[in-house]
**Student:** 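Below is the structure I would like to discuss, written out as structure tokens.
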Amino acid sequence: MTNSQVEKLIIIGSGPAGLTAAIYAARGNLNPLVVAGREAGGQLILTTDVDDFPGFPEGIQGPDLMDKMRKQAERFNTRFINEDVLSVDLKKRPFVIQTETYNLQTITLILATGASAMWLGLESEQRLRGRGVSACAVCDGFFFKDKNVIVVGGGDTAMREAQFLSRLCKSVTVIHRRDQLRAQSALIELVKSKPNVKFIFNCVVDEVLGQDKVTGVRIKNTQTGKINTMDVDGVFIAIGHKPNTDFLKGQLPLDEKGYVKVVNETHTEVEGVFVAGDVADFHYRQAVTAAGMGCKATMDAEEYLGNLTS
Ligand code: NAP
């Protein structure tokens, strides 16, 4: 980890994508170095019960799953730096990665910094996260079986969340701040066809109600200012995700939302730089799909390194 040492592979990020990449790389003799970030573990650290990750028939807590993945990577001597990356220089070869205290160099790089759900920014919303407030229907929807929930947002994510929840919940109410949905029309039609889904337009949630768990929401009409309360058991925030790519701006192509552009599978437009998980994938966004992509990224990096020496 000294300034002069050139690594074969550095992985930035320590969610399921980064740690799976590390496990494969360590077992493949690439001696990987993971820059794990100050808040290591990714979004699963913020999740409670994970019931859909294969191999855990009784379910597992999100932080426990990440702890196990990290221990598995450490078992094969993966090295970790628990710092954030401040900047990268992908125009130089080897690539340069600057963390808070290290100046690192590497021949290949896997970007696995994930994305963060966007929140409304209410104190009550943050206090009740994991207690009825969620940003992932696929992860947490099951806990609201036969219950009444709301989904906040009017984009594709909100429609997907509403569609998923409509199969489990007694009622799903989509609350959107305007009277026009942003989502693609096919998805809107699909959701509108569900008998247990209804829409409330021109409204925002301005308070989540409940002490230890969600009991309702207070809703404000954006046109009239009128306030209403609604009894609900679950609040799903679906107002978008922000990929964690600020440090990549100007270094490699990002799409208009800031996601890393993928050329083919895990290849980016910069040769030797690979990508895995939510930082490039806004569609599936599951721990298991991120892990799968982490595995692929390492295999692609291995192949790239092999071609350099052959
Ligand atoms: P999005 O398209 O940016 O939509 C976010 C929604 O949340 C918008 O309706 C927005 O309202 C609303 N919103 C934003 N901030 C808000 C706030 N503070 N309070 C209340 N409402 C707020 O995000 P997304 O739905 O996550 O989609 C992101 C990208 O992934 C899109 O390109 C989408 O097409 C893609 N995606 C595709 C699929 C698929 O199945 N094809 C599934 C998921 C996502 P306004 O409309 O008023 O701005």
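This chain uses plain numbering: 1 for the first residue, then up along the sequence. We count ligands from 1, going down the list as the structure has it; atoms in each ligand are counted the same way.
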**Student:** Answer yes or no for M118: is there a heavy-atom contact with ligand 1 below 4.0 Å?
**Tutor:** no

**Student:** Can you report which non-hydrogen protein atom sits closest to atom 31 (C) of ligand 1, along with the distance?
**Tutor:**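 Looking at atom 31 (C) of ligand 1, the protein heavy atom closest to it is K257 NZ, 3.7 Å.
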
**Student:** Any salt bridge between D278 and R285, counting N to O under 4.0 Å?
**Tutor:**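 No, no charged N to carboxylate O under 4.0 Å.
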
**Student:** Going through the checks in order, is the side chain to side chain donor-acceptor pair (under 3.5 Å) test met by Q163 and R160?
**Tutor:** CA-CA 5 Å; Q163 180 203 7; R160 286 277 181 220; 3.3 Å; yes

**Student:** Nearest non-hydrogen contact with atom 11 (O) of ligand 1 belongs to which option: R178, R177, R160?
**Tutor:** R177

**Student:** Between ligand 1 and L120, can you find any atom pair, the residue atom being a heavy atom, that is separated by under 4.0 Å?
**Tutor:**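 True for this residue.
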
**Student:** Could you identify the single nearest non-hydrogen protein atom to atom 2 (O) of ligand 1 and state the distance to 0.1 Å?
**Tutor:** R182 CD, 3.4 Å

**Student:** Quick one: look up the protein heavy atom nearest atom 9 (O) of ligand 1 and list residue, atom name and how far away it is.
**Tutor:**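 That would be G154 N, 3.0 Å.
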
**Student:** Could you tell me which non-hydrogen atom of P32 sits nearest to which non-hydrogen atom of I11, and how far apart they are?
**Tutor:**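 Minimum heavy-atom separation between P32 and I11: CB-CD1, 4.1 Å.
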
**Student:** Is there a path of hydrophobic side-chain contacts, each under 4.5 Å between heavy atoms of I, L, V, M, F, W or Y residues, that connects F144 with L209?
**Tutor:** no

**Student:** Atom 7 (O) of ligand 1: which protein heavy atom is closest, and how many Å away?
**Tutor:** I239 CA, 3.3 Å

**Student:** Taking 4.0 angstrom as the limit and counting only heavy atoms of H176, give me the atoms of ligand 1 inside it, by number and element.
**Tutor:**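 Matching atoms, with element in brackets: 9 (O), 11 (O), 45 (P), 46 (O), 47 (O).
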
**Student:** Look at the aromatic rings of F199 and F201 and report parallel, tilted or perpendicular, splitting at 30° and 60°.
**Tutor:** parallel

**Student:** Starting from atom 27 (O) of ligand 1, locate the nearest protein heavy atom and write down its residue, its atom name and how far away it is, to 0.1 Å.
**Tutor:**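 Sorting protein heavy atoms by distance from atom 27 (O) of ligand 1 puts T157 OG1, 3.6 Å first.
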
**Student:** Could you list which atoms of ligand 1 come closer than 4.0 Å to a heavy atom of H283?
**Tutor:**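 Once the distances to H283 are compared, the set is 38 (C), 39 (C), 40 (O), 41 (N).
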
**Student:** List, by chain and then residue number, the residues other than V138 in its hydrophobic cluster (Ile/Leu/Val/Met/Phe/Trp/Tyr, side-chain heavy atoms under 4.5 Å); write none if there are no others.
**Tutor:** F164, L168

**Student:** Between the side chain of E207 and the main-chain N/O of R218, is any donor-acceptor distance below 3.5 Å?
**Tutor:** no

**Student:** Short list, please: which atoms of ligand 1 are under 4.0 Å from a heavy atom of G240?
**Tutor:** 23 (O), 26 (O)

**Student:** So which protein heavy atom does atom 38 (C) of ligand 1 come closest to, and at what separation?
**Tutor:**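 That would be D156 CB, 3.6 Å.
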
**Student:** Backbone N or O of L122 within a donor-acceptor pair of the E125 side chain at under 3.5 Å?
**Tutor:** yes

**Student:** Would you mind checking which non-hydrogen protein atom is closest to atom 30 (O) of ligand 1, with the distance to 0.1 Å?
**Tutor:**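 Going by distance alone, atom 30 (O) of ligand 1 is nearest to F282 CD1, 3.2 Å.
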
**Student:** Do the side-chain N and O atoms of Q126 and R129 include a donor-acceptor pair separated by under 3.5 angstrom?
**Tutor:** yes

**Student:** Which residue owns the protein heavy atom closest to atom 41 (N) of ligand 1, what's the atom, and how far is it?
**Tutor:**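 Looking only at protein heavy atoms, the one closest to atom 41 (N) of ligand 1 is Q184 NE2, 3.2 Å.
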
